[in-house]
Number of protein chains: 2
Amino acid sequence: MLSQGLPQGAVPKLERPGPLRDRVYEALLELITTRALQPGQHLVESELAGHLGVSRQPVREALQRLNTEGWVDLRPAQGAFVHEPTEEEADQLLTVRTLLEAEAARLAAADAGSAGIAVLRELCAEGERAVDADDVDAAVAMNARFHAKVMELAGNAVLAELAAQVDRRVRWYYTPVARQRGLTSWIEHRHLIDAIEARDELRASLLMREHTEHTRRSYHEREKS
Amino acid sequence: MLSQGLPQGAVPKLERPGPLRDRVYEALLELITTRALQPGQHLVESELAGHLGVSRQPVREALQRLNTEGWVDLRPAQGAFVHEPTEEEADQLLTVRTLLEAEAARLAAADAGSAGIAVLRELCAEGERAVDADDVDAAVAMNARFHAKVMELAGNAVLAELAAQVDRRVRWYYTPVARQRGLTSWIEHRHLIDAIEARDELRASLLMREHTEHTRRSYHEREKS
DNA sequence: CATCGGCATTTTGCAGACAGTAGCCAGCAG
DNA sequence: CTGCTGGCTACTGTCTGCAAAATGCCGATG
């Protein structure tokens, strides 16, 4: 009897490696976002396959997905290239992000429960601690989790999925500047939570819009220096 | 210097069959949107491959793309199933569409040229003619082109791409009802054009929001009958 | 010296083959 | 009759092999 003392939970589904293509996908995405693969670089299937220790097929499927999500450009009969973000595209992407996040804030304000608000406050506090400790990586991570939680409270799965993709790309483009503005960001978060708690949809939406627009402004200011 | 007098665009690039996976993708998408493949149906790779006269590989890649775009659900080690839209999801999708279209209308109002507005009026007139002729298919097609043109005038490629995906899925969900309301729709289009021409961003945005919301209302009314 | 044509290499696109696994049915013990 | 177990089937996931297309280079030529 092997199946005797399994203490409940903790073993949801017996850790399976999952489809290879997904792991390849995540590996490549990691390499791209960390700039290990630079924009414009030519990605050779067999090269990646050899480097990751798999065949070309999973690599192909991962590249297909990265292509539809806008991370790589797949030119027919020529191969995959890491997407090169232009100024214009970055700006447009930020516009869309502002739109999606503002709507999420509005929806969250419309029907957030006290439990969700408590979580937001907790995340916010944790983020501020990270900033105080000068732990930039942790602060960035907490920022992402905060926005994701707001999105979750909005209760719109479609919106959440789109925002997740857009957000990730925005973060890719704006990482340098995003790492800069740590403190003021969390003050704005606090105000946003207050608006959500007050069920003030309009104010929550405007605050979030302003909040994300600050990123754009920081970027353009940085550009001058 | 050969590349001298090429009057920009207009060169069809010598129609080539294009990658097989793309054609498979479009074929499958057509089959799904036309309900030839019903929601929940199990798609067997070898079956599709045989039916289309190609190998499994292009089919797999097409399914991957359809999966990331939300048309099919790809359950590991079990295969692909046509996505089954739920009431909740359809509603959420419509919310997002409203959001994107309204923003597009605002942006279009912000910087549309007279040339673009002329095209809109032309499309509108053509749509009305189709309605008068009771040509429902043409009217639906013109409606899609009209919205696409507004999106183009917005000048935001990222927004346009997202909206294109969302719009197509919305049309899939709401085809029965969408075919109904033909005439009033074009009156609203006219008002929208007026607002864009007047550079009235707020009014354009609100009109578009109202316009797309009508679809939701029509759907819920239909539900009762 | 510049340019054009052809060749070789590289890389993708596609097809077929093999292994692993989930689901199902029959058979059997209780 | 019911519940379990074993094997079977069909499908997916992955790997390898082959042919076509594009690129870049090199030599030939005006």
Side-chain angles (χ1 to χ4, degrees), chain A residues 1-4 6 11-28 31-32 37-38 40-68 71-84, chain B residues 1-5 11-28 31-32 37-38 40-68 71-84:
Chain A
M1 280 300 178
L2 303 172
S3 57
Q4 165 252 74
L6 289 181
V11 187
K13 273 290 201 286
L14 188 54
E15 272 200 54
R16 38 170 131 172
L20 254 187
R21 54 166 174 265
D22 292 341
R23 288 192 293 176
V24 172
Y25 165 80
E26 292 184 9
L28 289 180
L31 289 175
I32 291 175
L37 297 176
Q38 295 175 5
Q41 183 168 346
H42 186 189
L43 302 179
V44 181
E45 294 176 357
S46 49
E47 210 170 305
L48 297 173
H51 190 276
L52 294 174
V54 298
S55 164
R56 276 179 51 207
Q57 175 116 358
V59 175
R60 280 182 69 83
E61 294 180 357
L63 287 177
Q64 293 288 333
R65 184 168 165 195
L66 288 170
N67 176 45
T68 70
W71 291 100
V72 305
D73 298 323
L74 211 50
R75 293 194 286 196
Q78 197 195 349
F81 296 81
V82 179
H83 180 70
E84 300 190 63
Chain B
M1 279 301 180
L2 304 171
S3 57
Q4 170 244 42
V11 180
K13 275 288 177 71
L14 257 171
E15 276 200 49
R16 42 170 134 175
L20 208 46
R21 56 168 173 260
D22 292 342
R23 287 192 293 178
V24 172
Y25 165 81
E26 292 184 10
L28 289 179
L31 289 175
I32 291 176
L37 297 175
Q38 296 174 4
Q41 184 168 344
H42 186 184
L43 303 179
V44 181
E45 294 175 357
S46 49
E47 211 170 303
L48 297 173
H51 190 275
L52 295 174
V54 299
S55 165
R56 276 180 53 206
Q57 174 113 1
V59 175
R60 281 183 67 82
E61 294 179 356
L63 288 177
Q64 295 285 334
R65 184 168 165 196
L66 289 170
N67 177 45
T68 70
W71 293 99
V72 306
D73 298 324
L74 212 50
R75 293 193 284 194
Q78 196 194 347
F81 296 81
V82 179
H83 180 70
E84 300 190 60

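In what follows, chains carry the letters A, B, and so on, assigned in the order in which the sequence lines appear, proteins first and then strands, with residues in each chain numbered from 1. A quick note: this is a predicted structure, and the numbers were derived from the prediction, not measured.
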Practice task
For D22(B), check side-chain hydrogen bond (donor to acceptor under 3.5 Å, both in side chains) against everything at least two apart and list the hits.
Solution key: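 Expected list: none.
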Fill in the blank from the handout: Residues passing the side-chain hydrogen bond (donor to acceptor under 3.5 Å, both in side chains) test with E26(A), sequence neighbours excluded, are none
Practice task
With sequence neighbours excluded, give me every salt bridge (charged side-chain N to carboxylate O under 4.0 Å, His left out) pair touching residues 41-55 of chain A.
Solution key: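 Non-adjacent pairs meeting salt bridge (charged side-chain N to carboxylate O under 4.0 Å, His left out): E45(A)-R56(A), E45(A)-R60(A).
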Practice task
Residues of residues 55-63 of chain B with any non-hydrogen atom less than 4.0 angstrom from an atom of DNA chain D: list those, numerically ordered, please.
Solution key: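 Going residue by residue through residues 55-63 of chain B, the ones with a heavy atom under 4.0 Å of DNA chain D turn out to be R56(B), R60(B).
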Whole-Å distance separating the [atom1] atom of [X] from the [atom2] atom of [N]:
X: L20(A); N: dT14(D); atom1: CG; atom2: C1'; value: 8 Å
X: Q78(B); N: dG13(D); atom1: CD; atom2: P; value: 10 Å
X: L43(B); N: dT12(D); atom1: CG; atom2: P; value: 9 Å
X: H42(A); N: dT23(D); atom1: NE2; atom2: P; value: 11 Å
X: R75(A); N: dT23(D); atom1: CZ; atom2: P; value: 9 Å
X: E45(A); N: dC18(D); atom1: CD; atom2: C1'; value: 15 Å

Practice task
Not counting sequence neighbours, list each pair that qualifies as a ring pair (Phe, Tyr, Trp, His ring centres under 6.0 Å) and has a residue in residues 43-67 of chain A.
Solution key: none
Handout entry: Non-hydrogen side-chain atoms of Q57(A) and Q57(B) separated by less than 4.5 Å
Key = yes
Exercise for the section: For the residue pair Y25(B) and R65(B), establish whether any side-chain heavy-atom pair is separated by less than 4.5 Å. Expected result: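 The answer is yes, as the side chains (C-beta and beyond) meet within the 4.5 Å cut-off.
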Handout entry: Qualifying residues under side-chain contact (heavy atoms from CB on, under 4.5 Å), relative to E84(B), sequence neighbours excluded
Key = P39(B)
Fill in the blank from the handout: Across all chains, not counting sequence neighbours, the side-chain contact (heavy atoms from CB on, under 4.5 Å) partners of L48(B) are L28(B), L43(B), V59(B)
Exercise for the section: Can you pull out how bent the helix from dC1(C)-dG30(D) to dG30(C)-dC1(D) is, comparing the axes over its first five and last five pairs, to 10°? Expected result: 10°
Practice task
Give the intermediate values and the outcome of side chain to side chain contact (heavy atoms under 4.5 Å, CB included) for residues R75(B) and F81(B).
Solution key: CA-CA 8 Å; R75(B) 293 193 284 194; F81(B) 296 81; 3.5 Å; yes
Practice task
With heavy atoms under 4.0 Å as the rule, sort L74(A) into base, sugar-phosphate or nothing.
Solution key: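 Answer is nothing: L74(A) stays at 4.0 Å or more from every strand.
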Problem - Candidates dA22(D), dA15(C), dG13(D) - which lies nearest the side chain of V54(B) - result: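 Out of dA22(D), dA15(C), dG13(D), the nucleotide with an atom closest to V54(B)'s side chain is dA15(C).
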